[in-house]
Engineer: 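Got a structure for you, questions after.
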Amino acid sequence: DIAAQSFLDEIPRLIDTLSAATESIPTEDRVWVFYGRRLTGTATAASDFDVMMLHREDEVPPTRAGATYRDAPVTVYSLPWSALYRDGQDRAYGGYFALKLFSPFICTPADEAAELLTSVARFLAPLAAEVAGRLNVITRTRHQILADSYLAFLDIYPDFDSYVARVLE
């Protein structure tokens with residue numbers, strides 16, 4: 001998709017802009033995660049940029065920062081990796097951060113993607129197992145596990161059904 005590729009080409013400049021807007025937050029070992037409509041190529045003129053910035057400073061609590069990029073609003077959720085782990089494993093934030101990553105995303109550096117997906121899986125796995133249990137099934141393929149995860153996600157957020165359908169197109 002041309003719009004999605006255009007967004008990918010913008011990431012280095014976007015990071016430069018957001019680095020300035022988040023300069024009070026630790027800068028070492030930052031991982032930038034981009035998700036939402038801009039990434040999937042479904043953005044409208046009013047769409048904002050959705051960004052998560054992870055760092056290793058555990059004593060800095062999760063924060064939300066606003067910025068603009070090319071006249072569009074940007075929402076940056078800044079949090080330490082430990083907060084993402086607690087959200088995935090212990091549901092410390094009710095999936096607020098982990099479940100933002102249960103849709104297409106891109107991160108830089110790219111080799112952090114598996115670690116991000118682990119938090120999503122930790123949050124959804126028990127719920128997906130519950131869905132599979134309701135279906136009275138013991139053995140599942142990876143596609144069925146993913147489907148169970150989407151059903152579990154929709155149990156939590158039933159109003160996201162059209163969003164899930166768009167993501168799966």
Engineer: Can you see which heavy atom on Ala98 is nearest to which on Ser119, and at what distance?
Structural biologist: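 Nearest heavy atoms, Ala98 then Ser119: CB-O, 4.0 Å.
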Engineer: Measuring from Ser82:OG to Glu59:CD, what's the distance to the nearest 0.5 Å?
Structural biologist: 9.0 Å
Engineer: Is a donor on one side and an acceptor on the other found under 3.5 Å between the side chain of Asp87 and the backbone of Gly95?
Structural biologist: yes
Engineer: Determine, stepwise, if the pair Thr68 / Thr17 fulfils side chain to side chain contact (heavy atoms under 4.5 Å, CB included).
Structural biologist: CA-CA 8 Å; Thr68 57; Thr17 298; over 6 Å; no
Engineer: Looking at every non-hydrogen atom in both residues, tell me the closest pair between Pro62 and Ala83 and how far apart they are.
Structural biologist: CG-CB, 3.9 Å
Engineer: May I ask you to say whether Glu10 pairs ionically with Arg70, meaning some side-chain N is under 4.0 Å from a carboxylate O?
Structural biologist: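 Yes.
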Engineer: For Leu116 and Val33, work out which heavy atoms get closest and say how close.
Structural biologist: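 Smallest interatomic distance, heavy atoms only, reads CD1-CG2, 3.7 Å.
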Engineer: Flag the pair Phe34 / Leu14 as yes when at least one side-chain heavy-atom distance between them is below 4.5 Å, and no otherwise.
Structural biologist: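 In contact.
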Engineer: Can you tell me how far apart OG1 (Thr118) and CD (Glu112) are? Round to the nearest 0.5 Å.
Structural biologist: 10.5 Å
Engineer: Roughly how far, to the nearest 0.5 Å, is CG of Leu79 from CG of Leu54?
Structural biologist: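 Between atom CG of Leu54 and atom CG of Leu79 there are 4.5 Å.
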Engineer: Any side-chain heavy atom of Asp50 sitting closer than 4.5 Å to one from Arg38?
Structural biologist: no
Engineer: Please round to the nearest 0.5 Å and tell me the distance separating atom CE of Met52 and atom OG of Ser78.
Structural biologist: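 Going from the CE atom of Met52 to the OG atom of Ser78 covers 10.0 Å.
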Engineer: Mind running side chain to side chain contact (heavy atoms under 4.5 Å, CB included) on Val31 and Trp81 for me, showing each step along the way?
Structural biologist: CA-CA 9 Å; Val31 174; Trp81 278 96; 3.7 Å; yes
Engineer: What's the shortest heavy-atom distance between Ser19 and Arg30, and which atoms?
Structural biologist: CA-NH1, 3.7 Å
Engineer: How far apart are the C-alpha atoms of Met53 and Leu18, what are their side-chain angles, what is the distance that settles it, and do they pass the side chain to side chain contact (heavy atoms under 4.5 Å, CB included) test?
Structural biologist: CA-CA 9 Å; Met53 189 270 292; Leu18 298 179; over 6 Å; no
Engineer: Is the ring centre of Phe123 less than 6.0 Å from the ring centre of Phe102?
Structural biologist: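 No, they do not, as the ring centres are separated by 6.0 Å or more.
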Engineer: How many angstroms lie between atom OG1 of Thr108 and atom CD1 of Ile11, to the nearest 0.5 angstrom?
Structural biologist: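 Reported value, rounded in 0.5 Å steps: 7.5 Å.
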Engineer: If you look at every heavy atom in Ala113 and Cys107, which pair is closest and at what distance?
Structural biologist: N-SG, 3.5 Å
Engineer: In the structure I gave you, are the side-chain heavy atoms of Thr22 and Trp32 within less than 4.5 Å of one another anywhere?
Structural biologist: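 Yes, their side chains come closer than 4.5 Å.
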Engineer: Anything under 30° is parallel, anything over 60° is perpendicular, the rest tilted; go ahead and classify Tyr93 against Phe97.
Structural biologist: perpendicular
Engineer: Do Thr63 and Val76 have side chains that get closer than 4.5 Å, going by heavy atoms?
Structural biologist: no
Engineer: Could you go through the side chain to side chain contact (heavy atoms under 4.5 Å, CB included) check for Lys100 and Phe105 one step at a time?
Structural biologist: CA-CA 9 Å; Lys100 288 187 181 307; Phe105 69 83; over 6 Å; no
Engineer: For Arg91 and Leu127, work out which heavy atoms get closest and say how close.
Structural biologist: NH2-CG, 4.3 Å
